[in-house]
Amino acid sequence: MGRDTVADIITSIRNADMDRKRVVRIASTNITENIVKIFLREGFIENMRKQQESKKDFLVSTLRHRRNRKRPYSRNILNLKRISRPGLRIYSNYQRIPRILGGMGVVILSTSRGIMTDREARLEGIGGEILCYIW
């Protein structure tokens, strides 16, 4: 049985954000690298670097946090939701890609031209598999 790398990324980032950790370490693959680059480009994380330990590559990402969170379980600044999963794939053409919070959120898609955001897919006029929502 295979692993769901996208769900692993989302869970790692969500858990680190809830625990107020600044650094997240994620196993590096082509898919994870492209998704973390989108997080970086959209401003959900501060920086990313590659690190190699015992012949395995990892992506080390620094999360962006609100400065004045007082309670440990207050509302998170980073909300992630996995949409398409190995048991149920969700596809959409470019005209039916959902808008999250009226365009404030980001939809990450896997298309025939690579992993991209909903805005990029609409501009290029291509649809694909909806991987996750970020808001």
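Only heavy atoms go into these numbers, but all of them, side chains included; no hydrogens, no water, no symmetry mates.
No donor-acceptor distance shorter than 3.5 angstrom exists from the side chain of R82 to the backbone of V6, with no hydrogens or angles considered. Using a distance-only test at 3.5 Å, with no hydrogens or angles considered, a donor-acceptor pair links the side chain of R122 to the main chain of I97. Side chain of N34 to main chain of N30: a donor-acceptor pair is present (N/O by atom type, distance under 3.5 Å, no hydrogens or angles). Side chain of S28 to main chain of F58: no donor-acceptor pair is present (N/O by atom type, distance under 3.5 Å, no hydrogens or angles).
Alongside L123, the hydrophobic cluster contains no other residue (criterion: ILVMFWY side chains under 4.5 Å).
Residues satisfying the side-chain hydrogen bond (donor to acceptor under 3.5 Å, both in side chains) test with T29, not counting sequence neighbours, are T32. Residues that satisfy the salt bridge (charged side-chain N to carboxylate O under 4.0 Å, His left out) test with R85, not counting sequence neighbours, are absent from this structure. Checked against side-chain hydrogen bond (donor to acceptor under 3.5 Å, both in side chains), Q52 has no partners two or more places apart in sequence or in another chain. For D8, the side-chain hydrogen bond (donor to acceptor under 3.5 Å, both in side chains) test picks out R3, with sequence neighbours left out. Residues satisfying the side chain to side chain contact (heavy atoms under 4.5 Å, CB included) test with N15, not counting sequence neighbours, are T11, M18. Take N47 and apply the side-chain hydrogen bond (donor to acceptor under 3.5 Å, both in side chains) test, not counting sequence neighbours, and it matches T62.
Note on M116: it does not cluster hydrophobically with V36, by side-chain heavy-atom contacts below 4.5 Å among ILVMFWY residues. Linking Ile, Leu, Val, Met, Phe, Trp and Tyr residues whenever their side-chain heavy atoms come within less than 4.5 Å places I45 and V24 in a single cluster. Following chains of ILVMFWY side-chain contacts shorter than 4.5 Å, one cannot reach I35 starting from V23, and the two form parts of different hydrophobic clusters.
Summarising the geometry, atom CD1 belonging to I9 is positioned 7.0 Å from atom CZ belonging to F39; distances are rounded to the nearest 0.5 Å. The distance from atom CG of L40 to atom OG of S61, rounded to the nearest 0.5 Å, is 8.0 Å. Remark: N79 CG to L101 CG distance equals 8.5 Å, nearest 0.5 Å.
Among pairs with a residue in residues 91-100, none fulfils side chain to side chain donor-acceptor pair (under 3.5 Å), at least two apart in sequence or across chains. Legend: salt bridge (Lys or Arg N to Asp or Glu O under 4.0 Å) pairs involving residues 101-116, not counting sequence neighbours, sorted by first then second residue: R113-E124. Note on residues 38-51: pairs passing salt bridge (Lys or Arg N to Asp or Glu O under 4.0 Å), not counting sequence neighbours, are R22-E46, E33-K50, R41-E120, E42-R119. Sorted by first then second residue, the salt bridge (Lys or Arg N to Asp or Glu O under 4.0 Å) pairs that include residues 126-135, not counting sequence neighbours, are R89-E129.
The two residues G114 and T111 make their nearest non-hydrogen contact at O-OG1, 2.6 Å. The minimum heavy-atom distance linking I134 with I100 is given by the pair O-CG2, 4.5 Å. Residues I130 and I83 come closest through the heavy atom pair O-CB, 3.8 Å. Closest non-hydrogen pair, P98 versus D118, comes out as O-OD2, 4.0 Å. For the pair G128 and L109, the tightest heavy-atom approach, listed with the atom from each and the gap, is O-CD2, 3.9 Å. Listed here is the closest heavy atom pair of I115 and I38: CG2-CD1, 3.7 Å.
For the side chain to side chain contact (heavy atoms under 4.5 Å, CB included) test with M48, the passing option among V60, I26, L59 is L59; the others fail.
Within the 4.5 Å cutoff, the side chain of Q51 has no heavy atoms near those of the K56 side chain. Contact check for I108 versus Y133: no side-chain heavy atoms found under the 4.5 Å cut-off.
Other residues, nucleotides and ligands place no more than 12 heavy atoms under 6.0 Å from the CD1 atom of I31.
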